[in-house]
Amino acid sequence: MTSTLAAGPARAAAAPDVVATRRRSARSRERLAQWAFLVPAIVYVVVFFGYPIVKNLVMGSQDYSVRTFVSGEAPWVGWANYAEVVSSGIFRTTLVNTALFTLGSIVGQFVIGLLFALFFKRRFPLSNLLRSLLLLPWLLPMIAGTAVWRWILDQDGGVLNETLRSLHLISEPIHWLTSPDVALVAVILVNVWVGIPFNMTLLYSGLQSIPDELYEAGALDGATGWKAFWHITWPNLRAVVSVVLVLGVIYTLKVLDIILGLTGGGPANATQTLATDSYHRSFQEFSFGTGAAVSNILIVVSLVFALVYLRVNRRAVDE
Amino acid sequence: MLQTTDARKLGHTIVGILLLAFMLFPVYWMVNVSLQGGGTAANSSFFPTDITFEGYRRALEDQTGNLVTSIVVALGSVLVTLAIATPAAYALSRFRLRGMGVFLFALLLAQMIPGIVIANSLYSLFNSVGLLNTHVGLILADATHAVPFAILIMSAFMRSIPPALTEAARVDGAGHLRAFWSIVVPVSRNSLITAGLFSFLFAWSDFMFGLTLTTGADIKPITLGIYDYLQGNVQSWGPVMATAVISSLPAIVLLVVAQRYIAAGALGGAVK
């Protein structure tokens, strides 16, 4: 700067331009360097999340089958796949099952998770250790948990029926996984078991963030026990509750391992959901077009809940 | 007064232990049955009175190859995840670039996409580029379980690093890369460990991509080994449960030795 000033008025006019250009190019180089940190992640997200969604939407309107892999041709069929899916006899069943499976799982996980969280909030010897060991069902490979439940629920030699029988609660074995009437209940039971730790952990941290002073002040006004829960705990926990519930729905909608491992979607499609139906169509019948159509329906359902989540989450941050 | 509080606390501990025992009964049952051998008993007894490792012998006979595949794929997935996610987390926590909000939004949505959607499309993509039935293919696909989570959890941590720390390095003439590598990465070690542990567990537990992106017997993760047992009627539960126990070992070991990282990650699942 000093040298340009000394060089006389003629060049002084040009100098700021040079400096500005240089500064601008330095700034754009800086911006480029900053973007470089994001490039691998952006490329990955585009290829492994963006592309699959677009591809899936396109496949939903194509006759995409085994032949496609040989000939490379996937004729455009418009809404035909959706029409086929919706008019198939099993579509209603999968919709109802998905709704029941999701609702049952969420209610079970949430209520038990909340009770556990409330219990562990009272500090007592070993409470932290016991609480963290409770995470185990959630950390295990789901298919490993599913395998042991398959044996526990076995109608003939399973320990659940054995126990119920020795307690004289049942006289005939319950066909947990082979009767169309109870299979969905059994699958929900296992999914609840997997989901309890997740619900408990988030709700526990929500409980921790409620200041003790609120309870102390409430106690002076006579709010203890159930009253304290209803007037202090619940209103302060609401934001966390919404997040837990919506995340629970989104995770439950994608469940595949538990159902495939326990019942394979049977008996007689009694446990077939949108996710397992999509899998069956694509990877068992190699009808990728209709499989994509089903999973596109699943995307729409998940997306609705995802948007609810993002809204709720933003509100929780604002508060 | 003191005594009744103590008694009540002890009561809580006892109830807590009972709750835990109830919740972990299936895990106990897994271990119990795995030690009762490869017989075809009609039911399993409550305690493994005649402990035998026959179930494990047969499990290892069937599953050693799958076990190796799972280890390779899970470790590979950790490397890929950290290599992609760490710089991105740094950028998200430090820089103000236009379009970053969109990327963050995309990450949140990405976590919610059902795996079957990704599997559907990756199958045809991998088929055309020759990544079906390969370790690399599984590693790249399994990283989808972890990359968004890892970016979000690490950038949340990196936001707490005082800016002065990295700026000091840059004044000394270090570029972004140096500041990142010699300051941010060491300081963020704990969040890298958490992200790494979870990407290991996610890839290790993966079922979706093992099921859809491998078709033969050559390259198959241990989770699919378990699933193969469950297809059809199981004649002997010893080896199945032994395989389930083996596949559960990383989770059990990590929960015991890396408890604080696991606790941090469990909460981070809902991180904004």
Side-chain angles (χ1 to χ4, degrees), chain A residues 33-35 37-38 40-42 44-45 48-49 52 55-56 69 122 124-127 130 132-137 139-145 147-152 157 162 201-202 205 243 247 250 253-254 256-257 261 275 278-279 282-283 288 291-292 295 298-299 302 306 310 313 317, chain B residues 9 12-13 16-17 19-20 23-24 26-27 29-30 33 42-44 84-85 87-88 90-91 95 97 103 106 108-110 112-118 120-122 127 144 147 151 176 201 204-205 207-208 212 223 226-227 230 237 240-241 244 247-248 251 255 259 262-263 266-267 270 272:
Chain A
Q34 295 190 350
W35 273 112
F37 280 83
L38 279 169
I42 290 174
Y44 185 82
V45 168
F48 285 88
F49 292 103
K55 173 86 181 166
N56 218 65
F69 291 105
R122 315 160 170 219
F124 50 85
L126 298 181
S127 62
L130 295 176
S132 51
L133 288 179
L134 266 177
L135 284 175
L136 201 52
L139 290 176
L140 296 184
M142 251 191 226
I143 194 72
V148 68
W149 275 104
R150 172 95 172 255
W151 180 218
I152 290 174
E162 297 266 310
T201 304
L202 291 191
S205 82
V243 169
L247 280 181
I250 291 166
L253 284 173
K254 0 180 182 181
L256 197 74
D257 2 18
S278 172
Y279 165 74
S282 292
F283 292 98
F288 281 87
S295 57
L298 189 62
I299 294 183
S302 301
L310 291 172
N313 209 350
V317 173
Chain B
K9 284 197 166 172
H12 283 150
T13 304
I17 291 173
L19 285 180
L20 185 70
M23 280 294 287
L24 296 193
V27 182
W29 203 246
M30 197 192 273
V33 176
N43 54 20
S44 313
I84 292 173
Y90 173 63
F95 306 147
L97 294 166
F103 182 61
L108 285 171
L109 281 185
M112 295 163 188
I113 300 170
I116 186 70
V117 172
I118 300 176
N120 246 335
S121 312
L122 283 190
N127 184 47
T144 59
V147 165
I151 295 179
H176 278 300
L201 285 181
W204 179 269
S205 312
F207 174 75
M208 175 76 66
T212 53
T223 45
I226 297 176
Y227 184 60
L230 296 182
W237 283 94
V240 185
M241 289 300 106
S247 79
S248 302
L255 188 60
Q259 212 188 83
I262 297 289
L267 273 182
K272 292 114 195 160

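Here is how names work: the chains are called A, B, and so on, in the same order as the sequence lines, proteins then strands, and each is numbered from 1.
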Chain A contact via [X] - which portion, at a heavy-atom distance below 4.5 Å:
{"X": "B:V147", "result": "side chain"}
{"X": "B:L122", "result": "side chain"}
{"X": "B:N127", "result": "side chain"}
{"X": "B:M241", "result": "side chain"}
{"X": "B:A110", "result": "both"}
{"X": "B:L109", "result": "side chain"}
{"X": "B:I113", "result": "both"}
{"X": "B:I151", "result": "side chain"}

Residue selection (most heavy-atom pairs with chain A, distance under 4.5 Å) from B:M208, B:K9, B:Q259, B:M112: B:M112
Choice from A:S302, A:A41, A:S127 maximising heavy atom contacts with chain B below 4.5 Å: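 Among A:S302, A:A41, A:S127, the one with the most close pairs to chain B is A:A41.
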Minimum-distance pair of heavy atoms, taken over all atoms of A:F124 and B:T13: CD1-OG1, 3.5 Å
Whether A:F37 and B:F95 hold their rings parallel, tilted or perpendicular, with breakpoints at 30° and 60°: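 Ring orientation, 0 to 90° scale: perpendicular.
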